[in-house]
Amino acid sequence: MSYNISKELFENVMNIKINKLQVDDFNYIWINIDSAHFSRFDSINNFFFLCKEWANKNGYRLLNGSHDYNNQIVCFIYKDFDYMGDYEEEFKSDSEQQAVFDVCQWILDNKGN
């Protein structure tokens with residue numbers, strides 16, 4: 001599976017500046033900080049959990065892992081940990097990890113709104 005993670009999301013979750021980010025075929029994240037060489041950061045799964053923590057710190061609760069009728073993973077995002085209220089957005093993907101990355105990108109893009 002190919003994962004889509006923006007440079008900006010990675011920088012915000014990890015609180016570092018990078019020049020480039022790549023995900024290899026073995027689902028490891030490689031980053032370039034200040035040289036021509038890439039360094040292996042970590043696995044997609046570890047970054048997945050860091051993204052969920054980042055969402056919580058920004059006042060959002062993620063409810064992920066549900067399957068819809070097309071057998072896609074669904075991730076719901078709630079503001080202020082209110083599961084009884086309406087969810088903010090719903091994201092679907094073929095993987096739980098990508099659904100969470102998409103939710104976190106939405107949080108990043110809508111933080112000031």
Side-chain angles (χ1 to χ4, degrees):
M1 163 128 207
S2 176
Y3 293 96
N4 182 21
I5 302 168
S6 75
K7 174 182 170 280
E8 294 77 16
L9 177 60
F10 184 87
E11 289 177 332
N12 276 272
V13 170
M14 299 310 302
N15 198 28
I16 61 171
K17 289 288 188 191
I18 62 172
N19 290 326
K20 292 182 182 178
L21 175 139
Q22 294 178 347
V23 179
D24 69 18
D25 292 338
F26 300 103
N27 297 326
Y28 281 99
I29 299 172
W30 294 79
I31 59 172
N32 173 278
I33 296 175
D34 59 9
S35 68
H37 298 91
F38 279 82
S39 300
R40 187 168 89 174
F41 164 71
D42 211 339
S43 71
I44 283 293
N45 287 331
N46 288 341
F47 186 65
F48 161 80
F49 289 109
L50 293 171
C51 283
K52 290 182 75 164
E53 288 176 20
W54 178 84
N56 285 339
K57 289 177 185 174
N58 280 280
Y60 292 92
R61 177 72 68 186
L62 308 183
L63 180 60
N64 57 296
S66 303
H67 290 33
D68 73 356
Y69 63 91
N70 289 323
N71 206 27
Q72 287 191 308
I73 302 294
V74 180
C75 185
F76 299 97
I77 180 171
Y78 293 86
K79 180 74 173 142
D80 300 323
F81 309 107
D82 181 14
Y83 286 123
M84 300 307 286
D86 293 333
Y87 57 87
E88 296 282 326
E89 292 287 331
E90 168 186 321
F91 294 84
K92 296 180 182 180
S93 180
D94 291 334
S95 77
E96 188 172 5
Q97 293 91 338
Q98 188 62 57
V100 167
F101 301 151
D102 293 345
V103 165
C104 289
Q105 185 66 49
W106 181 89
I107 294 169
L108 182 63
D109 293 343
N110 292 281
K111 264 176 131 175
N113 298 339

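Keep in mind the model is a prediction, meaning the values are calculated, not measured.
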**Asked** Are side-chain heavy atoms of Tyr60 and Trp106 found at a separation under 4.5 Å?
**Response** yes

**Item:** Gap separating the OG atom of Ser2 from the CG atom of Asp94, nearest 0.5 angstrom
**Value:** 11.5 Å

**Rounded distance [0.5 Å steps], CD in Gln22 versus CG in Asn32** = 8.5 Å

**Message:** Taking side-chain hydrogen bond (donor to acceptor under 3.5 Å, both in side chains) as the definition, give me every residue that meets it alongside Asn4, ordered by chain and number, with sequence neighbours left out.
**Reply:** none

**Request:** List the steps, then state whether side chain to side chain donor-acceptor pair (under 3.5 Å) holds for Asp102 with Gln98.
**Result:** CA-CA 6 Å; Asp102 293 345; Gln98 188 62 57; 2.7 Å; yes

**Message:** Can you give me the closest heavy-atom contact between Ile33 and Asn19, atom names plus distance?
**Reply:** O-ND2, 2.8 Å

**Request:** Answer yes or no: are there more than 12 heavy-atom neighbours, outside Tyr3 itself, under 6.0 Å from its atom OH?
**Result:** yes

**Request:** Can you sort out the partners of Asn27 under side-chain hydrogen bond (donor to acceptor under 3.5 Å, both in side chains), two or more places apart, ordered by chain and number?
**Result:** none

**Single-linkage hydrophobic cluster, 4.5 Å side-chain cutoff, Ile16 and Phe49 together** = yes

**Item:** Atom of Ala99, atom of Cys75 and distance for their closest heavy-atom approach
**Value:** CB-CB, 3.8 Å

Quick one: side chains of residues 41-48, donor-acceptor pairs under 3.5 Å with protein atoms, not counting sequence neighbours, listed by atom name and distance.
from	atom 1	to	atom 2	distance (Å)
Asp42	OD1	Asn46	ND2	2.7
Asp42	OD2	Asn46	ND2	3.3
Ser43	OG	Asn46	N	3.2
Asn45	OD1	Gln97	NE2	2.5

**Reported CD1-to-OG distance for the pair Ile29 and Ser39, which is rounded to 0.5 angstrom** = 13.0 Å

**Prompt:** At their closest point, which heavy atom of Ala55 faces which heavy atom of Ile107, and how far apart are they?
**Reply:** CB-CD1, 3.7 Å

**Request:** Starting at CG of Asn56, measure out to CG of Leu62 and round the result to the nearest 0.5 Å.
**Result:** 6.5 Å

**Request:** Working to the nearest 0.5 Å, report the span between NZ of Lys57 and CH2 of Trp54.
**Result:** 11.0 Å

Pair up each side-chain donor or acceptor in residues 5-14 with any protein partner under 3.5 Å, not counting sequence neighbours, and list the distances.
from	atom 1	to	atom 2	distance (Å)
Ser6	OG	Leu9	N	2.9
Ser6	OG	Gln105	OE1	2.6
Lys7	NZ	Glu11	OE2	3.1
Lys7	NZ	Ile18	O	3.3
Glu11	OE2	Ile18	N	3.0
Asn12	ND2	Glu8	O	2.8

**Message:** Is any side-chain heavy atom of Val100 closer than 4.5 Å to one of Phe91?
**Reply:** no

**Request:** Starting at CD of Glu96, measure out to CZ of Phe101 and round the result to the nearest 0.5 Å.
**Result:** 10.5 Å

